[in-house]
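Worksheet: the structure to be examined is printed underneath.
In the text below, chain A, chain B and the rest are named by the order of the sequence lines, each starting its count at 1.
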Amino acid sequence: MIEVSGMKFPLDRKYYTKNGAHIWLSVEDDIVKIGMDAFATEMTGLLTFLTITKKEVKSGDAIGSFESAKFVSRLFSPIDGEIVAINEMAMKNPRMVNEKPYDSWLVAIKPDNIENALNSEHILGTEEEISSWISQEMKRLEEE
Amino acid sequence: MKIFNLGDMNWNESQLIYHALAHKNIEGLVLHSTKDKFVCLGMPQNPKDELDLDYCNENGIKIFRREIGGGTVWLDRNQVFYSLILRRDNKDVPALPKHFFKKFLQPVIEACNELGLKAEYRPTCDLLVNGKKISGNGGGDIGDCKVMAGGLLLDFDYESMANVLRMSSDLRKKYLEAMKENMTTIEQEKQNYPSKEEIFSILREKFQDFLGPMQEATLGDEIKDMIKELDEHYSSDAWLYQRGVKNPGREIKVREGVYLFETEFDTKNGPVEILCETHEEHIQKITFSNPSLISPENRKNLEESLIGAEYDKRNIIYVISNVPGLQTDK
């Protein structure tokens, strides 16, 4: 686990970063569970709505939406595959994602190719990569 | 950037326009209004949970569920709308919603000031005049764009707003009172208020000061075709009644920081309904139904222990479950 700007990032998983996404990925057997990281939940504020609308997904595709601060944002898939499970508890109570982002997976995806699923320049996993990425993200927000 | 000065539009087209521009990836500012009366829901809402559908049907009130956030709003000819459509990759567009609203509501504040209304921004996306809401806004990602849509109230039909919502008569009465206490209109603030055209002209000037020169644009075939295509989608039952959040009880925003909650709790002796008004997430007023379950003394104690407390449903359940009289007074 590392802590950057007061936010925690467990190192037992990876992070998808394309186009400002803040999605964690955790591999369990041949399934990848994904969720929102501490930066996303901290910065966007209290989630009031979460929905998943896709089944077959491609990396970078919008797979659903969430609302916070009266703004409906898209949720993006980090990998190609098929959504095989949705965490209905999180859909019904999005606040749990704010409270425990790393325990609150959103969907489980069966990747088209498990070997290559996490090989992407947009998926980070080392302490240095994550630390540098979050620092850049903080700087970007300060400039807004 | 383009500016679409569209004046009075049909109810559905007044909402479809910003969806169409976003889906077509066209950056622009739309200034418009509607000649109809209808109710417009945020994407997270389901009309079956939110609205008194019988009342809407009996009164010919149409329903639109938009693809952006915010709550249910009553829309009619006594409001002016502005919709801002910007590409997500536009470097001037903040990523965070709170920054997005704060930035792009600035021209609306300037327009209000020009009208002689001292407007202030109330996070996340309300504008207040003399502490009362005069403008509500919502936003969202549509296609590859970010959209902010909102309006200024010239006048407001409080009764219709209260009547279209699904709620108990007690809550409706409270809601009506709370709206009148916490909302205002240009007519209320200024005896001789300007025409819609004048307000559009001021909004146009302030947005141009903020965003740079804009080119006057009309709805070409490409946009009209997209509106037609989207109309089929957004008017379908599959979209309108798509599953949204089903909140236990009712939570109604009066303005930013002021909410009404109606919730039922099961107790050993039967259900107890509470109705409470919160200001800045703290309980301001609270009332309990089913008097036979709570003695006057316990009711008073309950109210005293909860008024001023932070609104937390779990805490309310805890407090109620610890009132001995609640289980024995029947």
Side-chain angles (χ1 to χ4, degrees), chain A residues 5 7 17-23 36-37 39-54 60-77 86-99 133-134 136-144, chain B residues 19 22 41-46 65-71 73 87-89 91-105 122-126 136-150 238-239 242-248 251 253 256 281 312-314:
Chain A
S5 300
M7 292 172 282
T17 65
K18 191 177 178 185
N19 294 333
H22 278 267
I23 300 287
M36 294 169 74
D37 72 12
F39 184 94
T41 55
E42 180 81 16
M43 293 299 159
T44 57
L46 195 62
L47 300 179
T48 49
F49 172 69
L50 254 176
T51 189
I52 301 297
T53 51
K54 289 272 178 69
D61 277 1
I63 58 170
S65 307
F66 63 94
E67 186 195 50
S68 65
K70 316 295 176 198
F71 194 98
V72 174
S73 304
R74 299 286 172 85
L75 200 61
F76 296 100
S77 175
I86 296 174
N87 184 352
E88 292 297 342
M89 288 281 284
M91 301 299 127
K92 283 179 187 155
N93 180 19
R95 195 176 183 148
M96 68 185 272
V97 179
N98 288 99
E99 288 167 356
W133 164 55
I134 295 301
Q136 284 171 28
E137 288 290 90
M138 290 302 291
K139 192 170 170 225
R140 181 172 64 90
L141 292 188
E142 280 166 16
E143 288 166 0
E144 282 191 345
Chain B
H19 291 81
L41 283 75
M43 183 178 168
Q45 297 169 314
N46 184 329
R65 179 171 168 249
R66 60 189 184 269
E67 206 173 322
I68 60 175
V73 286
R87 280 196 284 268
R88 290 180 69 223
D89 60 7
K91 62 178 175 43
D92 294 326
V93 176
L96 290 186
K98 57 187 175 186
H99 294 167
F100 177 77
F101 285 121
K102 188 176 182 185
K103 178 171 185 174
F104 294 116
L105 282 172
R122 174 69 167 81
T124 306
C125 52
D126 277 359
N137 300 274
D141 292 333
I142 302 179
D144 289 328
C145 291
K146 280 182 180 283
V147 173
M148 179 182 83
W239 166 258
Q242 192 185 48
R243 186 184 67 84
V245 171
K246 176 78 174 75
N247 286 321
E251 172 184 320
K253 183 180 131 178
E256 290 289 356
E281 296 177 13
D312 178 340
K313 204 169 156 188
R314 282 169 296 190

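A side-chain donor-acceptor contact under 3.5 Å links B:Lys103 to the backbone of B:Asp92. Listed for the B:Asp144 side chain is no donor-acceptor partner under 3.5 Å among the backbone atoms of B:Arg88. B:Arg66 places a side-chain N or O within donor-acceptor distance of the main-chain N or O of B:Gly69, the cut-off being under 3.5 Å.
Per-residue heavy-atom pair counts under 4.5 Å with chain A were compared for B:His99, B:Lys98, B:Lys91, and the maximum is reached by B:His99. Options B:Cys125, B:Ala95, B:Gly42 differ in how many heavy-atom pairs under 4.5 Å they form with chain A, and the most are formed by B:Ala95.
Smallest separation of non-hydrogen atoms from A:Ser5 and A:Met138: OG-CG, 3.6 Å.
Partners of B:Lys253 according to the salt bridge (Lys or Arg N to Asp or Glu O under 4.0 Å) rule, which considers only residues two or more places apart in sequence or in another chain, are B:Asp126, B:Glu256.
Residues from residues 62-70 of chain A that place a non-hydrogen atom less than 4.5 Å from a non-hydrogen atom of chain B comprise A:Ser65, A:Glu67, A:Ser68, A:Ala69, A:Lys70, given in numerical order.
Looking at B:Leu96, the atoms closer than 4.5 Å to chain A (heavy atoms on both sides) sit in the backbone and in the side chain alike.
Residues A:Asp61 and A:Phe76 are not in side-chain contact: their nearest non-hydrogen atoms beyond the backbone lie 4.5 Å or more apart.
Side-chain N/O atoms of B:His19 and B:Glu67 include no donor and acceptor closer than 3.5 Å.
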